[in-house]
Amino acid sequence: MMPGSLESIQYLVSSKEPCGIETPSKDYSSTEVSSVVATCENVEHYKQMGRIDPSQLLHRMLPLDKKHSFWETQPVEQYHDRGKNTEDEGPIAPLRSVAEVRTNPYKLPKHYEWCICDLNCTHTMNEIFNLLSNHYVEDFESMFRYNYSKDFLQWALRPPGYFPSWHIGVRVEATKRLVAFITGIPVNMRLHSMCMPMAEVNFLCIHKKLRSKRLAPLLIKELTRRVHLENIWQAIYTAGIVLPTPLVTCQYWHRPLNSKKLIKVGFSQLGLGMTMGRTIKHYRLPQKTFTPGFRAMERRDISAVARLLQQYLQQFVVAPELSEADVEHWLVPLNNVVNTYVIEDVESHNITDVCSFYTLPSTVLGDQRHTALKAAYLFYNVTTKTPLSQLVNDLLIVAKQSEYDVFNVLDIMQNQSFLQELKFKLGDGHLQYYLYNYRLKEPLSPGDLGVILL
Ligand SMILES: CCCCCCCCCCCCCC(=O)SCCNC(=O)CCNC(=O)[C@H](O)C(C)(C)COP(=O)(O)OP(=O)(O)OC[C@H]1O[C@@H](n2cnc3c(N)ncnc32)[C@H](O)[C@@H]1OP(=O)(O)O
């Protein structure tokens, strides 16, 4: 093994031998290093012992030579600042007041106009749904595209205190056709012990025919302006691509529920030496959930769930501060959008644990037989009594019963603890978390994150 090679780094991080960590011998791509580090069992152990500084690896894997004519002008951590730890934690741009924010929208190219997308209007909802289902995020090989349902979008974009003006569209002036979209929702986010109002930015989408025309920076700037008008100066967002500069890079893990379909549509491959029959058997799940007192969350559980969640999220460096109204919005079950379960102690009737997932199907592109992949995504969990792996296993069982094809999780929160045991497989998708106008002093790892963006 070459010193400094990815294999060598992987070997050192995975080995229990008390040794130092090598510096990568060159700037590897983000995909290369983060996938290697993520597969190292002892990365947390080494980090705690000060033998590995993931920020150094992350720093080395950033595409340092890539120019970002837009992002270089924005108050975000720049690549060359990563790992310097010289500045204090806090906002990057000088403090401003709302009075200084420009009152006019940014100018769009000729023939296009801004609009506010009214999510209470059925016609507008259909337009948003059509734009996203045809033009939103695809995997690297364009085999699958996210297909958010209208009910999901209404749930995701109308939490307590939402601002209709943050649901921004761009239309063709002449035809009024919706060709671009970006959204923000308000969230109270805690970073270490600092709690602050932020915008959670999502659903940035531009019609395929209008790509690479620098429309995205305009959408981002216009949303930023409208967020500033509400006296909010920070934002959190995620993206599959690397921009200046990820707070942390996470990975998706997938637990097959319907192996036959996943293999047929090209989502998974048959393992080496495995037959279809053996694969199906390998992933078989019991018919019934295991934990006594496991039941769907009801409205009467809101207070108990809020208390548990507020307490549980304290352990993470970055996590939302959720009110009871937030918990009611985000966690009370909604058909085909969010499923939440609680464990009610059979004797005391106290709620001891909570687990949830949301539903996000993908369109299978170019496949006649299966046009949709029904995927569950792990959402917020709290454990005080039941082991997390048992709780998630119960979720797998209910998801299988409800005919989901795959169960996806990110390696954030405490999720790394059950991935192997519950037969999750490492995916090739990465998700970067970003902060706008805020710098954290210390580098984070996925386990420090207690926030999920949809
Ligand atoms: C205080 C409040 C602040 C609020 C704002 C906080 C920031 C929020 C930030 C947004 C969070 C969104 C969270 C989500 O929704 S992530 C989901 C993003 N959506 C998709 O992937 C859907 C499919 N793709 C598209 O629709 C387009 O390709 C998009 C719209 C993504 C780019 O359109 P296009 O391909 O036609 O490009 P352009 O010529 O107009 O512009 C090129 C510039 O845009 C930069 N770019 C490209 N993709 C992204 C991206 N995902 N986040 C941030 N920036 C991105 C790019 O690096 C370049 O800048 P620079 O490299 O030259 O500098």
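Counting starts at 1 for both ligands and their atoms, following the listed order.
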Could you tell me whether E328 and R299 make a salt bridge, using a distance below 4.0 angstrom between a side-chain N and a carboxylate O?
-> yes
Which pairs of nitrogen or oxygen atoms, taken one from ligand 1 and one from the protein, are under 3.5 angstrom apart?
unit_1	atom_1	unit_2	atom_2	d
ligand 1	15 (O)	F203	N	3.2
ligand 1	15 (O)	L204	N	3.0
ligand 1	19 (N)	L204	O	2.7
ligand 1	26 (O)	I206	N	2.9
ligand 1	26 (O)	R211	NE	3.3
ligand 1	26 (O)	R211	NH2	3.2
ligand 1	36 (O)	S212	N	2.7
ligand 1	39 (O)	K213	N	3.4
ligand 1	39 (O)	R214	N	2.9
ligand 1	40 (O)	R214	N	3.4
ligand 1	40 (O)	L215	N	2.9
ligand 1	40 (O)	A216	N	2.8
ligand 1	54 (N)	W71	NE1	3.1
ligand 1	61 (O)	H68	ND1	2.6
ligand 1	62 (O)	S69	N	3.4
ligand 1	62 (O)	R214	NH1	3.2
ligand 1	62 (O)	R214	NH2	2.9
ligand 1	63 (O)	S69	N	3.4
ligand 1	63 (O)	F70	N	2.8
ligand 1	63 (O)	W71	N	2.8

Can you sort out the partners of K66 under side chain to side chain donor-acceptor pair (under 3.5 Å), two or more places apart, ordered by chain and number?
-> none
Just jot down the salt bridge (Lys or Arg N to Asp or Glu O under 4.0 Å) partners of E230, sequence neighbours excluded, or say none.
-> none
Interatomic distance, H430 atom NE2 to Y252 atom OH [nearest 0.5 angstrom] = 12.0 Å
Exactly one of F418, W253, Y358 clears side chain to side chain contact (heavy atoms under 4.5 Å, CB included) with L378, and that residue is F418
Between side-chain atoms of residues 107-116 and protein atoms elsewhere (two or more places apart, or another chain), which donor-acceptor pairs fall under 3.5 Å?
unit_1	atom_1	unit_2	atom_2	d
E113	OE1	K176	NZ	3.2
E113	OE2	K176	NZ	2.8
W114	NE1	Y106	O	2.7

